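Treat the numbers as computed from the prediction; the structure is a model and nothing was measured.
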Amino acid sequence: MTPLNPPGPVLDIAGRLEDAGFEAWCVGGAIRDALLGHPHLDWDLATSATPDDVRRLFGKRTIPVGIEFGTVGVLDQFGTMHEVTTFRRDVKTDGRHAVVEFGASLDDDLARRDFTINAIAYSPRLKETRDPFDGRGDLARRVVRAVGDPDARMREDRLRALRGIRFAARFDFTIDPATRRALDASAPHLGRLSAERVKQELDKTMEQVECPSRALRLWRDTGAFETLIPSLSKVSDEALSVPDFLARPGLDRRPARRVLRMAGLLAGLGHASATRQLEQLKSSKLEIQTIGALLESWEKCGGALASALTGSDRPSDAIVRQWVAAITRTRVGMFMRLASAMWSASRAKGNAAPAPRAVHALYRRMLVIAFRDPLDLGSLAVDGDDLRRAGIPAGAKLGMILRSLMTAVIEDPARNTTDWLLQEAKRLQAADDQAS
């Protein structure tokens with residue numbers, strides 16, 4: 001395994017604590033990831049110092065992020081915050097929030113952690129690793145195993161079941177059999193988790209896991225979906241694999257990629273059900289609007305695109321313009337990446353779907369059309385004021401005429417001239433007057 005080498009700012013914080021007579025150990029995910037050779041930016045420390053001691057030592061560089069739980073944020077010289085937490089033990093818990101007491105030892109503190117791979121500590125000054133539960137052995141064996149009694153760990157904090165699933169999927173580890181039984185047993189009690197916490201775990205899965213379906217299948221098979229998102233409890237392996245074919249956001253946290261992966265997960269529900277589900281998960285308004293629009297466009301255009309791409313005839317520019325207009329020019333890229341992922345998931349299961357080369361060729365055509373041709377009312381050579389000046393009264397009929405003009409221009413962009421559009425508008429008005 002990779003040697004532990006905490007960054008300089010972390011060494012400075014640990015050194016200051018130790019110079020003041022306190023123990024200071026690097027703990028948590030940074031140790032796990034460093035041993036695996038993975039980059040990790042969030043180096044945190046556990047210490048025998050109380051929160052008041054930490055605030056006294058570091059003064060204005062501290063942030064009270066969780067004083068009642070013993071955690072103080074300490075800013076290093078680059079402005080990066082590191083959580084410094086007092087050794088603690090749990091007194092009682094309601095299955096999500098624990099009451100803790102200080103004055104514990106490092107081993108007490110490690111014993112209250114969730115999984116052995118997260119219960120490893122390292123002293124930069126002593127160059128000593130403390131690993132009372134053989135977390136390094138489990139890293140080598142590629143196993144996620146609860147610290148101590150798995151059922152007790154899950155009862156203490158129901159979120160641990162979802163975290164264990166995410167760790168197993170992220171590192172492609174197996175889950176220790178006793179821990180897996182505890183995950184299954186914990187599933188009916190996951191309703192104690194807030195919607196925000198559930199959404200946060202899904203977001204972390206989409207951000208951190210190369211193939212999210214590894215985690216999503218466990219959500220389904222353990223019963224987590226049945227409790228938390230019943231609409232996904234019976235979803236197929238193919239549907240769960242769609243996010244696998246969409247790029248992972250990674251450490252740079254590209255939000256559009258995470259949103260696309262979430263859209264892929266919910267695509268099989270339809271845009272109306274997906275929107276309701278996102279609202280229940282307390283998603284942001286932007287995410288709800290974006291995913292809802294993408295899935296609505298998929299319902300309108302997905303079948304037609306698939307038929308055109310698997311047929312022998314090349315779709316005309318007019319048809320492609322209709323698709324782009326329905327999707328909207330700003331969402332063409334996201335839509336086609338989502339469509340490509342859904343078709344890739346279908347092919348992976350042995351089902352018929354458009355070939356990647358054909359999808360890519362259509363995507364390039366759509367991009368050219370999206371930024372070249374008039375596709376929305378704002379790009380017409382006339383507007384409502386022009387039509388009123390031409391004698392067409394304001395009202396619902398004027399809006400209908402504008403939409404008819406837009407349809408005509410999508411069929412043939414050469415029509416997008418003031419003269420042609422005004423003449424066509426007057427013709428449509430006369431025809432309507434004659435019909436009425």
Side-chain angles (χ1 to χ4, degrees), residues 4-34 39-115 117-133 135 147 153 156-157 159-160 163 194 196-197 200 204 251 253:
L4 294 172
N5 187 25
V10 175
L11 298 179
D12 292 341
I13 294 172
R16 189 161 182 177
L17 286 164
E18 290 174 316
D19 288 344
F22 302 108
E23 290 185 66
W25 295 77
C26 298
V27 294
I31 302 298
R32 176 199 66 222
D33 290 357
H40 194 106
L41 302 180
D42 301 324
W43 284 78
D44 300 324
L45 296 104
T47 180
S48 57
T50 66
D52 287 342
D53 293 328
V54 176
R55 298 175 80 177
R56 176 176 52 80
L57 278 173
F58 294 96
K60 294 182 179 180
R61 291 167 54 193
T62 61
I63 301 172
V65 295
I67 294 294
E68 67 273 26
F69 302 111
T71 301
V72 177
V74 176
L75 299 175
D76 64 26
Q77 60 265 47
F78 302 107
T80 300
M81 189 186 78
H82 304 275
E83 292 187 356
V84 178
T85 303
T86 304
F87 296 155
R88 55 194 177 172
R89 64 171 66 87
D90 292 344
V91 177
K92 62 180 180 178
T93 177
D94 62 2
R96 180 65 194 99
H97 304 100
V99 176
V100 301
E101 65 177 13
F102 307 139
S105 67
L106 173 64
D107 284 351
D108 289 332
D109 189 82
L110 295 177
R112 68 177 296 277
R113 294 175 183 265
D114 50 8
F115 303 102
I117 59 176
N118 296 330
I120 307 169
Y122 176 71
S123 168
R125 176 165 292 183
L126 300 175
K127 299 292 189 291
E128 176 187 342
T129 301
R130 190 73 61 82
D131 184 16
F133 304 101
V147 170
R153 296 292 82 75
E156 289 164 356
D157 185 352
L159 186 64
R160 288 172 172 170
R163 283 168 54 83
S194 68
E196 291 86 351
R197 277 295 187 183
Q200 188 179 68
K204 287 182 177 181
L251 292 177
R253 301 287 193 272

> Once you round to the nearest 0.5 Å, how far does CD1 of I120 lie from CD1 of I31?
8.0 Å
> Taking the basic N atoms (NZ, or NE/NH1/NH2) and the acidic carboxylate oxygens, is any pair closer than 4.0 Å for R16 and D19?
no
> Kindly compute the distance separating CG (L110) from CH2 (W25), expressed to the nearest 0.5 Å.
8.5 Å
> Just verifying a value: how many Å separate C26 SG and L11 CG, rounded to the nearest 0.5 Å?
7.0 Å
> To check you understand the geometry: which heavy-atom pair defines the closest contact between A111 and V147, and what is its length?
O-CG1, 3.5 Å
> Between the main-chain N or O of E23 and the side-chain N or O of S48, is there a donor-acceptor pair closer than 3.5 Å?
yes
> Do F58 and I13 have side chains that approach each other closer than 4.5 Å (heavy atoms only, starting at C-beta)?
yes
> Is the shortest heavy-atom distance from the side chain of T71 to the side chain of R88 under 4.5 Å?
yes
> For the CZ atom of R61 and the CG atom of D76, what is their distance to the nearest 0.5 Å?
7.5 Å
> Taking all atoms of both residues into account, what is the closest heavy-atom pair of S123 and E18, and its distance?
OG-OE2, 3.9 Å
> If you take all heavy atoms of R160 and R112, which pair is closest and at what distance?
NH2-O, 2.8 Å
> Which pair of heavy atoms, one from G70 and one from P51, lies closest together, and at what distance?
CA-CG, 3.8 Å
> Do K127 and Y122 come within less than 4.5 Å of each other through their side chains, counting heavy atoms only?
yes
> Kindly give the heavy-atom pair with the smallest separation between A119 and D131, and that separation in Å.
O-OD1, 4.2 Å
> I'd like to check T85 versus D44 (side-chain heavy atoms, cut-off strictly below 4.5 Å). Are they in contact?
no
> Is there a side-chain contact between F87 and D108 (heavy atoms, below 4.5 Å)?
no
> Hey, what do you get for CD1 (I117) to CZ (F133), rounding to the nearest 0.5 Å?
14.0 Å
> Do the non-hydrogen side-chain atoms of T80 and P9 ever get within less than 4.5 Å of each other?
no
> Could you tell me which non-hydrogen atom of P6 sits nearest to which non-hydrogen atom of L4, and how far apart they are?
CD-C, 3.8 Å
> Would a 4.5 Å heavy-atom cut-off, applied to side chains only, mark V74 and V54 as touching?
yes
> To the nearest 0.5 angstrom, please state how far the CG atom of N118 sits from the CZ atom of R113.
8.0 Å
> Out of R163, R32, R153, which residue meets the salt bridge (charged side-chain N to carboxylate O under 4.0 Å, His left out) rule with D114?
R163
